[in-house]
Amino acid sequence: MNIHQLNFDHLPPLQVPLRFFLTAPIFGMLAGALLLAAGPETWQSRWHPALLGLTHLLTLGVLGMVMVGALFQVLPVIGAAPIRHAARLARPLQGLLALGTLCLSLGLYGQNATLMGAALALLAAAFVLFLPSFFRALRQLGQCQISLHNIGLAGIALLITVVLGIRQLGAWLAPQQWLLDRALTDLHAGWGLLGWCLLLVIGVSYQVIPMFHVTPAFPHRLQRMLGPLMTLLLVLLTLLVFSAAPGRLRFGLMLLLAAGGLLYGAVVWVRLQQRKRKVADASVRCWQLAALCLPLAAGLWLSGQIIPAALLFLYGFVLTVIEGMLLKIIPFLIHLHLQRQCGLNMAAFAALPHLHEIVPTRRAHGQLYLHGVTLALLVLCAWAPALTPLAGVAMIAEFAWLLGVMARGLRLYRQRQARIVAQLEAAEAAG
Amino acid sequence: MTTPEIHLDVSQLEPPEPLQRILARLPQLPPGHFLHVRHRREPVPLFDLLRQHDFAYRVLQDGEGAFHILIWPCADTRAEALCQHYVLP
């Protein structure tokens with residue numbers, strides 16, 4: 001069975017994913033700035049306004065931006081139809097998501113009803129714009145694709161996350177109409193992190209790890225069963241929240257979810273050990289770091305230490321994977337889009353950059369080190385809050401570096417594109 | 001007599017090298033010859049480019065799951081006949 005089928009025939013323009021990728025580090029820097037402003041009291045409680053603001057700057061502003069941008073590019077690549085009218089959809093979607101995230105994070109931080117109301121409208125509009133196109137693209141499969149099924153489950157999880165989030169925002173704004181139930185906030189976080197983020201990473205990784213790192217395919221049974229099982233466990237956990245079931249039943253489900261995550265992390269580790277090219281680039285190290293963070297996050301979660309568990313999962317697992325994939329995907333996309341412009345003109349080929357020219361090894365490793373330092377500081381903040389300003393500075397530096405890496409790649413793209421055009425024009429004039 | 005089949009194994013290369021190497025070999029194909037590419041994935045990014053530049057292709061898959069892509073110029077009827085009747089060993 002062909003589980004590596006990729007389709008580049010309907011690639012959107014490079015600007016479509018890039019506009020989202022370039023926005024993400026700006027939100028990362030804002031998150032660092034919020035940490036600097038809020039200081040050590042951020043970690044006093046998981047309901048602290050600063051922590052809520054920080055969480056949404058990272059989840060929506062950084063992770064959400066990159067994931068939406070990547071889906072524009074990845075869906076047509078792994079066998080779904082492309083998201084229709086991608087170029088036309090991207091700009092308003094980016095604007096709504098960016099403005100909505102800003103209003104939500106500042107609104108939560110400042111407990112400001114006007115900003116929260118604006119966030120409700122903007123983010124609801126953003127997801128109303130995105131989700132139907134996303135699901136439509138997934139429906140138009142030529143054949144069954146396991147990755148797409150997992151990504152579809154992630155999409156359903158995102159829908160649930162958004163509905164719960166909107167409901168909670170509505171309850172905050174209109175407490176007379178709706179009760180602000182913290183159990184629903186827990187579900188919102190659970191579906192967002194373990195549903196949307198984890199399932200999306202899992203589904204995409206089944207393609208990108210074998211593709212970019214020349215590893216064997218993931219076990220077929222794992223691909224077919226892990227995503228649906230994790231989703232079922234989340235559904236059962238959701239039902240338990242509304243029932244009077246004993247706590248040990250809930251703990252049992254959490255244990256099974258953690259086991260699923262650990263199994264996935266272990267398989268990722270093993271597959272990367274089997275890669276063809278033994279030299280570990282920054283992207284491989286990111287996957288390895290992410291795989292190591294999963295059991296640590298799971299252990300902290302099961303022992304009730306929610307804040308460090310969430311930090312390790314969000315920053316240690318999801319964001320590490322995201323950054324590792326960006327370090328691979330950005331040079332690949334830039335190269336691919338330039339390659340397509342060359343056609344078969346050998347003289348134009350000479351203008352194509354090597355991947356390490358687009359994102360130099362030194363810069364990729366710099367990204368990894370800055371990320372590692374920020375992660376370590378953030379997790380330590382849970383026990384030593386005095387480190388918060390340092391963590392804020394590190395976060396700003398990390399995302400500034402990432403923005404620099406991407407901007408440099410884009411600059412190189414434009415330079416080489418001009419050279420390719422010149423070569424093609426010269427060939428046409430000579431021919 | 002030289003074989004009309006030119007082999008290129010890109011199955012252990014990371015992207016974008018497979019695409020680059022294939023495209024670099026195509027203009028060098030002598031008349032009556034075809035390129036036989038061995039790949040671990042179906043290189044669909046390539047197909048759009050082949051069609052644009054008047055190359056035809058045929059995809060076969062062996063028992064180990066590897067892909068074999070036979071590529072020839074559309075105008076080369078001799079190479080086309082060889083590829084259409086080609087059977088993997």
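So that the names make sense, note that chain A is the first sequence line, chain B the second, and so on, each numbered from 1.
- At a 4.5 Å heavy-atom cutoff, the contact between A:Phe349 and chain B is made by side-chain atoms alone.
- Heavy-atom distances place both the backbone and the side chain of B:Gln20 under 4.5 Å from chain A.
- Heavy-atom distances place the side chain of B:Pro27, and not its backbone, under 4.5 Å from chain A.
- Separating the CG atom in B:Leu23 from the CD atom in A:Gln339 is a distance of 5.0 Å, to the nearest 0.5 Å.
- Heavy atoms of other residues, nucleotides or ligands lying less than 6.0 angstrom from CD of A:Glu428 number 12 at most.
- A 6.0 Å sphere centred on CZ of A:Arg224 holds no more than 12 heavy atoms belonging to other residues, nucleotides or ligands.
- The environment of B:His85 atom NE2 is sparse: at most 12 non-hydrogen atoms of other residues, nucleotides or ligands sit within 6.0 angstrom.
- When side chains are defined from C-beta on, A:Leu355 counts as touching B:Pro16, because their heavy atoms get closer than 4.5 Å.
- Around the NE2 atom of A:His356, the shell of radius 6.0 Å holds more than 12 heavy atoms that belong to other residues, nucleotides or ligands.
- Within the 4.5 Å cutoff, the side chain of B:Glu14 has heavy atoms near those of the A:Lys328 side chain.
- Annotation: the span from A:Gln207 atom CD to B:Arg41 atom CZ amounts to 5.5 Å, rounded to 0.5 Å.
- With rounding to the nearest 0.5 Å, the separation of CG in B:Leu13 from CZ in A:Arg277 is 11.5 Å.
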